[in-house]
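The basis for the numbers below is simple: all heavy atoms, side chains too, and nothing from hydrogens, waters or symmetry mates.
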Amino acid sequence: MNLHCMHTGPLKVNTFLISVSDSEAIVVDPADCRFSRDEGSVVSFLSARNIKPVAVILTHGHFDHVSGLPVIKKSFPDIQIAIHREDSAMLGEHSEDLQGNALSQVGFDRFLPFVSNLPDATAFLDDGKTLAQILDCEKFSDEAQKSLAQWEVMHTPGHTEGSCCLYNEDERTLISGDTLFFQSWGRTDLIGGNERKIHASLAKINDWCEEDTKVYPGHDYYGFKLSENF
C-alpha cells in the first residue's frame with residue numbers, strides 16, 4: 001500500500017492520498033482552498049504523477065476537512081464523494097447552514113464562503129461495509145476494486161454523529177479522522193459531539209483493530225501504533 005500525507009487547509013488537516021492501483025487513488029479529507037493559499041495542491045500532486053482520484057472519502061463533515069471538495073470536483077467531475085449519512089447535511093447546496101453554525105461556535109465565521117454550496121455526497125459510509133461495496137466500482141480497474149475491498153468502514157460517532165474510521169486489517173492500517181489522535185481523542189464540545197459516544201467508539205476501535213495497527217489521524221502526528229494509545 002502506498003499512502004502519502006499532505007497538510008492542507010487552514011488547520012493543516014492530514015489529507016491522505018491512498019493508492020489503490022498504479023494509476024488510481026482515493027483522497028481522504030481534502031482541505032486545500034484559496035483561504036489557506038494551497039488551493040489545487042492535491043490535484044496538482046496527483047496530476048503530476050498521472051494518478052486519477054477515483055473517490056473522496058470524508059471521515060466527517062467539519063469545515064476543516066471538506067473545504068478542498070470544490071476544486072477536486074471541478075477538476076474531476078465524475079469523482080465519487082462518500083461520507084456517513086449523519087454528516088451528509090454538511091455537504092450540498094445548503095451546507096452553509098450547518099457549517100455556519102459550527103464556524104460561529106469557534107469564532108471562524110470568515111471561513112464560511114469556502115464551505116458554502118459544497119458538492120453533494122454520491123455515496124454513504126455504512127458501518128461494517130467495505131469501500132468496494134459502498135462505491136460504484138464499475139469503471140475502476142480490477143486492482144483498484146480488490147484494494148478497495150480491503151478497506152472497511154467503522155462508524156465511530158462522538159466527535160460528530162457521522163464520524164468514521166477506515167480500517168485495513170491486511171495492512172494493519174487505521175485512518176482515524178478526528179476520532180483518535182496520538183495519546184488523545186477528538187473534541188466533543190462542537191455540534192454533534194458526544195463524550196459518551198466517543199469513548200464507546202474508542203472501545204470499538206480497540207476491539208476491532210490489532211494492537212500493531214498503525215494509526216493515521218486527521219491532524220498532527222501519524223503512523224503510531226494503536227498499542228501506544230491503549
Side-chain angles (χ1 to χ4, degrees), residues 1-8 13-32 38-61 65-85 87-88 91 118-155 162 164-177 208-210 213-218 222-223:
M1 179 189 66
N2 186 0
L3 182 153
H4 178 76
C5 180
M6 299 180 69
H7 303 293
T8 68
V13 164
N14 290 339
T15 295
F16 295 112
L17 313 177
I18 304 172
S19 297
V20 292
S21 76
D22 289 340
S23 59
E24 297 158 296
I26 57 173
V27 180
V28 180
D29 293 348
D32 52 312
D38 59 355
E39 183 180 39
S41 59
V42 172
V43 170
S44 295
F45 180 91
L46 294 167
S47 298
R49 291 157 180 80
N50 293 316
I51 297 173
K52 179 182 179 180
V54 297
V56 173
I57 310 298
L58 302 172
T59 61
H60 62 292
H65 288 250
V66 302
S67 55
L69 284 178
V71 68
I72 287 185
K73 183 68 173 177
K74 181 178 180 181
S75 300
F76 302 95
D78 296 330
I79 196 166
Q80 297 180 55
I81 299 171
I83 192 171
H84 194 275
R85 293 178 192 274
D87 278 12
S88 61
L91 306 183
L118 292 170
D120 282 303
T122 61
F124 298 103
L125 302 176
D126 292 326
D127 189 51
K129 287 189 176 182
T130 68
L131 292 183
Q133 293 172 316
I134 289 165
L135 300 171
D136 180 3
C137 298
E138 184 178 345
K139 295 182 180 179
F140 301 168
S141 68
D142 290 344
E143 183 183 353
Q145 292 182 43
K146 290 178 182 178
S147 180
L148 290 167
Q150 294 181 310
W151 289 98
E152 186 173 5
V153 174
M154 298 174 62
H155 182 211
C164 288
C165 299
L166 299 176
Y167 180 47
N168 188 322
E169 184 176 8
D170 291 344
E171 298 285 349
R172 295 291 199 271
T173 299
L174 180 74
I175 308 295
S176 64
W208 276 35
C209 302
E210 300 293 335
T213 296
K214 288 188 176 181
V215 183
Y216 295 81
Y222 58 88

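A distance of 9.0 Å separates CG of Asp136 from OG1 of Thr122, quoted to the nearest 0.5 Å. Note that OG1 of Thr130 and CG of Leu135 are 8.5 Å apart. Values are rounded to the nearest 0.5 Å. Taken to the nearest 0.5 Å, the CZ atom of Phe45 stands 6.5 Å off from the CE atom of Met6. Distance check, rounded to the nearest 0.5 Å: SG of Cys5 to OH of Tyr222 gives 4.0 Å. Atoms CZ and OG, from Phe76 and Ser47 in turn, are 4.5 Å apart once rounded to the nearest 0.5 Å. Between the CD1 atom of Ile57 and the CD1 atom of Ile134 there is a distance of 7.5 Å, given to the nearest 0.5 Å.
Side chain of Ser44 to main chain of Gly40: a donor-acceptor pair is present (N/O by atom type, distance under 3.5 Å, no hydrogens or angles). Under the 3.5 Å distance criterion, the side-chain polar atoms of Thr173 are matched with a main-chain donor or acceptor of Glu171. A distance-only check finds no donor-acceptor pair linking the side chain of Arg49 to the backbone of Leu46 [under 3.5 Å]. No side-chain donor-acceptor contact under 3.5 Å links Lys129 to the backbone of Gln133. Using modelled atom types, no side-chain atom of Glu210 and backbone atom of Glu169 make a donor-acceptor pair closer than 3.5 Å. Checking side-chain atoms of Ser88 against main-chain N and O of Arg85 turns up a donor-acceptor pair under 3.5 Å. Between the side chain of Asp32 and the main chain of Glu39, no donor-acceptor pair closer than 3.5 Å is present.
Side-chain contact between Val28 and Thr15 is absent, with no heavy atoms from C-beta onward closer than 4.5 Å. Between Pro30 and Val56, some side-chain heavy-atom pair lies under the 4.5 Å cut-off. In this structure, the side chains of Leu3 and Leu17 stay at 4.5 Å or more apart for every pair of heavy atoms. Residues Ile175 and Phe16 form a side-chain contact, since some pair of their non-hydrogen atoms from C-beta on lies under 4.5 Å apart. Side-chain contact between Val13 and His7 is absent, with no heavy-atom pair separated by less than 4.5 Å. Two residues are said to be in side-chain contact when any heavy atoms from C-beta on lie closer than 4.5 Å; Ile18 and Trp151 meet this criterion. Val20 is not listed as a side-chain neighbour of Phe140, based on a closest heavy-atom distance of 4.5 Å or more. Considering only heavy atoms from C-beta on, Leu174 comes within 4.5 Å of Met154 through its side chain.
With 3.5 Å as the limit, one finds a donor-acceptor pair spanning the side chains of Ser141 and Glu24. A side-chain donor from one of Asp29 and Thr59 sits under 3.5 Å from a side-chain acceptor of the other.
Looking at every heavy atom in both residues, Cys164 comes nearest to Val153 through SG-CG1, 4.0 Å. Residue Tyr167 comes nearest to Cys209 through the heavy atom pair OH-CA, 3.5 Å, listed as atom of the first residue, atom of the second, then distance. Closest approach of Ile51 and Ala25 over heavy atoms only: CG2-CB, 3.7 Å. Pro53 approaches Ile79 most closely through the heavy-atom pair O-CD1, 3.4 Å. Closest approach of Asp87 and Gly61 over heavy atoms only: OD2-N, 3.1 Å. Residues Pro119 and Leu91 approach most closely at O-CB, 3.4 Å, considering heavy atoms.
Within 6.0 Å of NZ in Lys214 there are 12 or fewer heavy atoms belonging to other residues, nucleotides or ligands.
For His60 and His84, the ring centers are positioned 6.0 Å apart or more.
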side-chain contact (heavy atoms from CB on, under 4.5 Å) assessment of Asp142 paired with Gln145:
CA-CA 5 Å; Asp142 290 344; Gln145 292 182 43; 4.2 Å; yes
Check the pair Ile81 / Asp120 against side-chain contact (heavy atoms from CB on, under 4.5 Å), numbers first and verdict last.
CA-CA 7 Å; Ile81 299 171; Asp120 282 303; over 6 Å; no
Go through Ser23 and Asn50 one step at a time and tell me if the side-chain contact (heavy atoms from CB on, under 4.5 Å) criterion holds.
CA-CA 6 Å; Ser23 59; Asn50 293 316; over 6 Å; no
